[in-house]
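Keep in mind that this is a model prediction, so the values were computed, not measured.
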Protein chains: 2
Amino acid sequence: MDSINIKKLAEALKLSTSTISRAFRDNSDISSATKERILAKAKELNYQPNHYASNLREQKSKTIAVIVPELANNYFSQAIHGIERIARENGYHILIYVTDDDYKKEVNFIQHLHNGRADGIIMSVSGEANDHNYLNNFGAKRLPLVFFDRIYEDIETPRVITNDYNSSYLATEHLIEQGCNRVAYMVVNKSLSIGKTRMQGYIDALTKHEIAFDENLIVDCSNSYEENSVIVKRALLELKPDGVFASVERLAFATYYACYDLGIKIPDDVKVISFSSLEIAPLLNPSLTTITQPAAEIGEEAAKLLFQILDNDADKNQSNELILESKIIARNSTSNGVK
Amino acid sequence: MDSINIKKLAEALKLSTSTISRAFRDNSDISSATKERILAKAKELNYQPNHYASNLREQKSKTIAVIVPELANNYFSQAIHGIERIARENGYHILIYVTDDDYKKEVNFIQHLHNGRADGIIMSVSGEANDHNYLNNFGAKRLPLVFFDRIYEDIETPRVITNDYNSSYLATEHLIEQGCNRVAYMVVNKSLSIGKTRMQGYIDALTKHEIAFDENLIVDCSNSYEENSVIVKRALLELKPDGVFASVERLAFATYYACYDLGIKIPDDVKVISFSSLEIAPLLNPSLTTITQPAAEIGEEAAKLLFQILDNDADKNQSNELILESKIIARNSTSNGVK
DNA sequence: TTGTACGCGTTATCAG
DNA sequence: CTGATAACGCGTACAA
């Protein structure tokens, strides 16, 4: 092998490996003369301390894992970007895992991360509501974990979420104020924390405004583009809603496509509001009224929370919760003014 | 420490560590009885072979690094998703690095990856056209590297790109056929491979159609949202183009926003075409004509190429090039029919 | 089929 | 300030 290691560098410099090592770490004392000599030679020979050896030695990887349900989604890519920024500042690397909303993958990822590969995990959980008690089976060995956005309520661990209930309430109220009284709620998994919380806000807003809650108006969608197309079209035709509240961005798009196809006019025939972090919502036809989550900030806060735990691993299992505010931005898709 | 390792597991089972080790690897012989016994106990005690120790031993990390200029961008998130899928199939993990188009970060990432952390790199290079010869300074130690989309032409390494020249040519021709003869070309860095290639297609199409190339119509944009807003508005007002060819998605959005603000009508006053992987291009106002790159596929192919090299590291430095086809999808932003 | 012993490349400890 | 040495957890010759 022609690869360079600490021993060869030591030989080349007629020094011991310990001295070399010291040159690369800040704590131990070393004369600045030798240190410079070492670093210079190291650069010349392209030496870097082997990461795996260091990690083995120090029992930490300086790596965190990020698990998300999907990637090609503005929300998650912005969140990851936020995480990445904070991680980089802290000298950490990040591993990415995509579950495609598959619970089995999630379990698999988590389990295989408990082998030293990562020091901590930031996760937005998959959309399948299975038994997630598996997270409790690691005992004391469980890695520090921070949830963001989509969480399991019964797992005690720090989390960063948005004020979903309140936003949903306001979003529904917004539709009502714009004259809707048959508001359909589009959801992917209404039993999952996020779908559930958001639905409650919807229901309570209806009640407050004395509109009877009609269970038929809860439209259960899937993660498949094709299936949603069918589901949404049928819902629009059969339920004849005058408002649509999409609990995730994708369902707003499905609604737009369906309306185009069916000749239903937004906002005249049906008004649409959606949770969405889409930066180009103003460019849609019509521009989309959104409940915008501070995606990047959520990622950053989740990362900060994780690093807090990593820094003083005393309070590993404390369940602090950070709630960030989403903002409703009214645009044409819910306007009832003159066009 | 209460953490479990191979030694403790061995003790618990009254076996030697080597036997345990064998149970987790396929090659060595071991009686299936003991193997099962070991795996069962391992599961019970939550034992997994320590990743760093294994890697140190085997000198490979089963990890690849993906370096991209940005994350909150449909193209890159789709590409990464493609890479992720292939990596997972091959049992590899992926590390993500975002350069924010900062050349210094890129160099830094690459250098620090050469310490065993990753077995290979997939990169779309940053937008700054600096000296990238640094990639040649690793000598034999250089990690297998695959470029995708944005490449350095003078670095010999496998790459996956799209037929940019041809697509640009056709895109420009499309605008001309729709009646444009003052087509502005919006570009972020015209000296970077991708901006350059795309510009050449633009120029050649003009020439072919006997339209004089006017250098003023090349609009040099930046990566900043605010700056672009100013630049694009000024360009629209001063140059009065009847067509805009955006070399990246972001500039098409900037053009849309600018047109809204200035009361310029798309496509009546100016037609717009753009390189873009935006899945909701049909939902824009007006729907955007795109040159759509097969982003996920590009990612997949890049990953496959890398794994080919990793599997038989003989031909590390061969420079095979894979060219995938982009597709022009005409929509309303370039239509000249009756609205 | 199973066990022993060594080394992968580092770093912390201790001695000088 | 520098050097020798042991240990991190694992996998593989080699021996039994």
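- The phosphate of D:dG9 has OP1 or OP2 within less than 4.0 Å of a side-chain N or O from A:Gln59.
- The side chain of B:Leu15 has C:dT2 as its nearest neighbour among C:dG7, C:dT2, D:dC8.
- Using a 4.0 Å heavy-atom cutoff across all strands shown, B:Ile20 reaches no nucleic acid atom at all.
- Among the nucleotides C:dT10, D:dG9, D:dA13, the one closest to the side chain of B:Arg22 is D:dA13.
- Taking the six-membered ring for Trp and thresholds of 30 and 60 degrees, B:His93 and B:His51 have ring planes inclined between 30 and 60 degrees apart.
- For B:Lys14 and A:Ile6, each mapped to the nucleotide of DNA chain C holding its nearest heavy atom, the one lying further toward the 5' end belongs to B:Lys14.
- Between B:Ile83 and B:Ile64 the shortest heavy-atom distance is CG2-CD1, 4.2 Å.
- The 5' end of DNA chain D is approached more closely, in terms of each residue's nearest nucleotide, by A:Thr19 than by the other of B:Arg57 and A:Thr19.
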Exercise. Could you walk me through whether B:Ser61 and B:Asn55 pass side chain to side chain donor-acceptor pair (under 3.5 Å), step by step?
Key: CA-CA 5 Å; B:Ser61 64; B:Asn55 288 164; 5.5 Å; no
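- Residue contacts shown for A:Phe24 are absent, as no nucleic acid heavy atom lies under 4.0 Å away.
- A:Ser54 comes within 4.0 angstrom of sugar-phosphate atoms only, judged by non-hydrogen atoms across all strands, and of no base.
- Taking atom CG of residue A:Leu13 and atom C1' of nucleotide D:dT2, one finds them 14 Å apart after rounding to whole Å.
- A donor-acceptor contact closer than 3.5 angstrom links the side chains of A:Tyr134 and A:Glu106.
- For A:Lys7, the listed nucleotide lying nearest its side chain is C:dC8; candidates were C:dC8, D:dT2, C:dA12.
- Counting any heavy atom pair closer than 4.0 Å across all strands shown, A:Ser31 reaches sugar-phosphate atoms only and no base atom.
- If you check C:dG3, D:dA4, C:dT10 against the side chain of A:Ala53, the one that comes closest is C:dT10.
- Within 3.5 Å, a donor on the side chain of A:Ser18 pairs with an acceptor on the base of D:dA4, or the reverse.
- Dashed line: the shortest gap from a side-chain N or O of B:Asn50 to OP1 or OP2 of D:dC10 is not under 4.0 Å.
- The side chain of B:Arg25 places an N or O atom within less than 4.0 Å of a non-bridging phosphate oxygen (OP1 or OP2) of D:dT12.
- Of the side-chain N and O atoms in B:Tyr52, none sit less than 4.0 angstrom from OP1 or OP2 of D:dG11.
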